[in-house]
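Contents: one structure, followed by commentary.
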Amino acid sequence: MLSSGKMIVFIIILKCLEIVRAERELVVISVATDKTDGYKRFERSCNIYGLPLRTLGMGQVWQGGDMNYPGGGWKVNLLKEEMEKLKDKKDTIVMFTDSYDVVIAAKKEAILAQYDKFGANIVFGAENFCWPDASLKTKYPELKTGMRFLNSGGFIGPADTLYQMLIDGGEIKNTDDDQLFYTKIYLDEELKTRYKIMLDHKAELFQNLNGEQDNIELRFAGNEPFVQNLVYSSMPKVIHGNGPSKLFLSTLGNYLADSWNSEDGCLECWDSRLELQNLVETPKVVMAIYIEKPTPFMKEFWQKIDDLVYDKSSIDLFIHNGVEFHKTEVSNFVNDNTDKYHTIEVIGHEDKVKEWHVRNLAIQKCVDLKCDFLFVIDSDAHLDNAFALKLLVEQNRAVVAPMLIRPYTAWSNFWGSLSSDGYYARSFDYMEIVTNNRRGLWNVPFVSSCYLISGTIIHDKSTRPSYVHKLLDPDMALAANIRSKDIFLHVTNRLNFGHMVNNEDFQTSHLHNELWEMERNRYDWELRYLHQNYSSSLEADTKLDMPCPDVYWFPMFTEKFSDQFVEEAENFGKWSDGSNEDKRLDGGYEAVPTRDIHMNQIGFDEEWLYLLDFYVRPLQESVFVGYFHKPPRSLMNFMVRYRPDEQPFLKPHHDSSTYTINVALNRVGVDYEGGGCRFLRYDCQVTETKIGWMFMHPGRLTHYHEGLYTTKGTRYIMISFVDP
């Protein structure tokens, strides 16, 4: 047991050591020649944690060779020069890291505490690949656990010791390999021992991501994100996206260094933002609209373009319509808006310009006009948020896309990651983002359909985007070219911006083609065609209209649906003659004939059966409780036409159905007079029908009924005999 005097001395020594440690300076040194997005991310992470950063080589021409191959010796020589200035600072700890592909994830205190635990002077990061000289693999000590090989993307040690190690390592050419330089020092037992060099085998300080993606997980301590190495249960402080792991670093970097947390959401979103109202002039925008394939719901698309809140005199509109089907509507939009925009240029399908070329023409137009931004919108992108353009401009990123999804699916206009061959892969947070469980600004490898490109990268020839890259399609080529210049592509879901339509298999052989889109584009189909009060009929506290016993009335379709549905039938034009002879039916005989068109005649039978199942069946189950049949079966789905000079009425009859639906497709008192339905058993009639409304009643036994006389005009109804 220590005497009280010795104990006091021991405590004083410990306190002195704490003071010494507290007084130690930690300097981060890196090499970068350009302030790329990768460098800015690295610099930001240093600033967030209050780490002084010295960047060597900034503004100079890179002299370290092609870094896709062994090279980078210039980094060593720059560091030697810098360490000459620091060699006498014994209380300075220097941490050297790469910059473009590194994120710092801890404060000085945590970094130094971990460094002290190693009990070494100089600590290098480690990885599982022996690079660049695989023949040196056998010279490394064998390990029972841990990463075996040196990685020079991050190392730390006292300034004086590092300086002497660099000198003793000998000369290196600028184009020689920096990692090989440090590897030879480490494998030299005399130097390794002299400078007490060790590797961070378990990624306790330096995490090199190449080959380790499956072993890394982003976790949260309370609200704060951190990286966990699952193999070693370590929490590395410096994250290095070496080799092909840079995209994984980008995903992690969306969270680390106070970029995003679960309480405050996106913190980085507010960095470098613009406020349009504070600018002297409204930024000039080239808005490039591309119609590369037949696309549904273009009427709504053009309306949303027109609704964008932005000074249109500051917009030069560039339109490529590669589809003859859309020629008229493009012409109409241009004619109606010529005076709004600064200029409008249209390249039509008849010009036969390749997609990659016409997209590059918009970039060149931006160059020629000295635009501030290029705003690309494909025809499948619907900007429901009228402030979308303004918000993207204010976000002030090199490339930023509003997140758009195909409703009710996980299909979006961005990829969270890439596969090894450069195609789609799902990042660990993709579903959290597309479902808006996490909102923010996300660095991703690919965006499409709608995005804003800053003029700053367009006007610089070294960073100018292009839609040509090997044999990739234009969107993938653009993303690959941008990524290769260390420019980040962002997607934002800070707010709801809009959605995408599915134009993969849009058929244009009908008069009103969107009528057929209820499955592929249910969201847009419902907005256009489903009655706005449809869902209210399914609410528990709604009192339903029942004009006659067990006859229920529901708001079903919009007037637009009704009008276009009738027009579609009339465009087909082959109405039956109203006689008992009907070759369309099995047996060729109809006991209670009408003038009608069957849905299978206009290619709408499957679509109508979908409507019966998806929209009608829930209503039936809510009013005729206990009857369930999914999907409903209906062999008779037909539109009926009543006219005084053709067939003005229908005699009393029972329907061959469990229940029948009857949808009014035009306006009583406007399009026709008279008409309606009378239920004889109850001496009750429905005459004041409403366009788009459906009444439903039992078919057999109880609801014997007749069609009342249409005295003037033409009456249209849609009938289904459900579950015969």
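All values below were derived from every heavy atom in this structure, side-chain atoms included, with hydrogens, water molecules and symmetry-related copies excluded.
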Test your reading of the model: is there a side-chain donor-acceptor pair from [X] to the backbone of [Y], 3.5 Å cut-off?
X      : Y      : value
Arg44  : Ala257 : yes
Asn481 : Pro465 : no
Lys246 : Gly243 : yes
Gln395 : Cys269 : yes
Asp188 : Lys184 : no
Ser417 : Ser427 : no
Arg24  : Ile93  : no
Ser466 : Val468 : yes

Is Arg397 close enough and on-axis enough to Phe488, meaning under 6.0 Å and within 45°, for cation-pi?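 No, a cation-pi geometry is absent between Arg397 and Phe488.
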Does NZ or CZ of Arg148 come closer than 6.0 Å to the centre of the six-membered ring of Tyr140, within 45° of the ring's axis? no
Just wondering, are more than 12 heavy atoms of other shown residues or ligands nearer than 6.0 Å to [atom1] in [X]?
X      : atom1 : result
Tyr232 : OH    : yes
Lys192 : NZ    : yes
Lys107 : NZ    : no
Glu171 : CD    : no
Lys202 : NZ    : no

Determine which pairs satisfy salt bridge (charged side-chain N to carboxylate O under 4.0 Å, His left out) with at least one residue from residues 455-477, sequence neighbours left out, and list them in order. none
Under the side-chain contact (heavy atoms from CB on, under 4.5 Å) rule, what do Phe375 and Cys450 come out as? Steps first, then yes or no, please. CA-CA 7 Å; Phe375 189 35; Cys450 182; 3.6 Å; yes
Assess whether side-chain contact (heavy atoms from CB on, under 4.5 Å) is satisfied between Ile457 and Val399, documenting all intermediate values. CA-CA 9 Å; Ile457 69 169; Val399 183; 4.0 Å; yes
Rounded to the nearest 0.5 Å, how far apart are [atom1] of [X] and [atom2] of [Y]?
X      : Y      : atom1 : atom2 : result
Arg494 : Cys266 : CZ    : SG    : 7.5 Å
Leu79  : Glu84  : CG    : CD    : 12.0 Å
Lys89  : Met83  : NZ    : CE    : 10.5 Å
Phe149 : Leu187 : CZ    : CG    : 10.0 Å
Leu78  : Thr55  : CG    : OG1   : 11.5 Å
Ile48  : Asp258 : CD1   : CG    : 5.0 Å

With Asn77 as reference, evaluate Asn174, Asp176, Asp178 under the side-chain hydrogen bond (donor to acceptor under 3.5 Å, both in side chains) test and give the passing residue. Asn174
Does the distance from a Lys or Arg side-chain N to an Asp or Glu carboxylate O, for [X] and [Y], drop under 4.0 Å?
X      : Y      : value
Arg219 : Glu217 : yes
Lys237 : Glu204 : no
Arg41  : Asp271 : no

Please name the pair of heavy atoms, one in [X] and one in [Y], separated by the smallest distance, quoted to 0.1 Å.
X      : Y      : result
Ala32  : Ser99  : CB-OG, 3.5 Å
Ser245 : Asn210 : OG-N, 3.4 Å
Gly416 : Thr251 : O-OG1, 3.9 Å
Val61  : Thr33  : C-CG2, 4.5 Å
Gln179 : Asp177 : N-OD2, 3.0 Å
Ala126 : Leu199 : CB-CB, 4.2 Å

Mind checking whether [X] and [Y] have side chains closer than 4.5 Å, heavy atoms only?
X      : Y      : result
Leu392 : Thr492 : yes
Glu292 : Asp378 : no
Asn496 : Asp384 : no
Leu86  : Arg54  : yes
Ile216 : Gln213 : no
Ile111 : Lys108 : no
Leu26  : Leu112 : yes
Asn223 : Asp264 : no

Look at the rings of Trp260 and Tyr255 and say which category their plane angle falls in: under 30° parallel, 30 to 60° tilted, over 60° perpendicular.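 Ring orientation, 0 to 90° scale: perpendicular.
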Aromatic ring pairing Tyr182/Phe124, orientation class (parallel under 30°, perpendicular over 60°, tilted between):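 Tyr182 and Phe124: tilted rings.
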Check step by step if salt bridge (Lys or Arg N to Asp or Glu O under 4.0 Å) holds for Asp133 and Lys139. CA-CA 11 Å; Asp133 187 350; Lys139 296 188 177 182; over 6 Å; no
Quiz question: by atom type and distance under 3.5 Å, do the side chains of [X] and [Y] form a donor-acceptor pair?
X      : Y      : value
Asn208 : Glu127 : no
Glu212 : Asn229 : no
Asp486 : Thr36  : yes

Should Lys75 and Asp98 be marked as a salt bridge (Lys or Arg N to Asp or Glu O under 4.0 Å) after you check the CA-CA gap, both sets of side-chain angles, and the distance that decides it? CA-CA 9 Å; Lys75 293 192 290 184; Asp98 288 347; 3.0 Å; yes
Would you mind listing every ring pair (Phe, Tyr, Trp, His ring centres under 6.0 Å) that reaches into residues 36-72, with sequence neighbours excluded? Trp62-Trp74
Tyr430: which of Phe414, Trp415, Trp442, Trp411 passes ring pair (Phe, Tyr, Trp, His ring centres under 6.0 Å): Phe414
Hey, mind stepping through Ser272 and Asn396 against side-chain hydrogen bond (donor to acceptor under 3.5 Å, both in side chains) and telling me if it holds? CA-CA 7 Å; Ser272 306; Asn396 193 28; 5.3 Å; no
Between Leu53 and Leu51, does a side-chain contact (heavy atoms from CB on, under 4.5 Å) hold up when you go through it step by step? CA-CA 6 Å; Leu53 171 64; Leu51 300 176; over 6 Å; no
After noting the C-alpha distance and the side-chain angles of Leu150 and Phe155, does the key distance pass the side-chain contact (heavy atoms from CB on, under 4.5 Å) rule? CA-CA 10 Å; Leu150 178 145; Phe155 54 89; over 6 Å; no
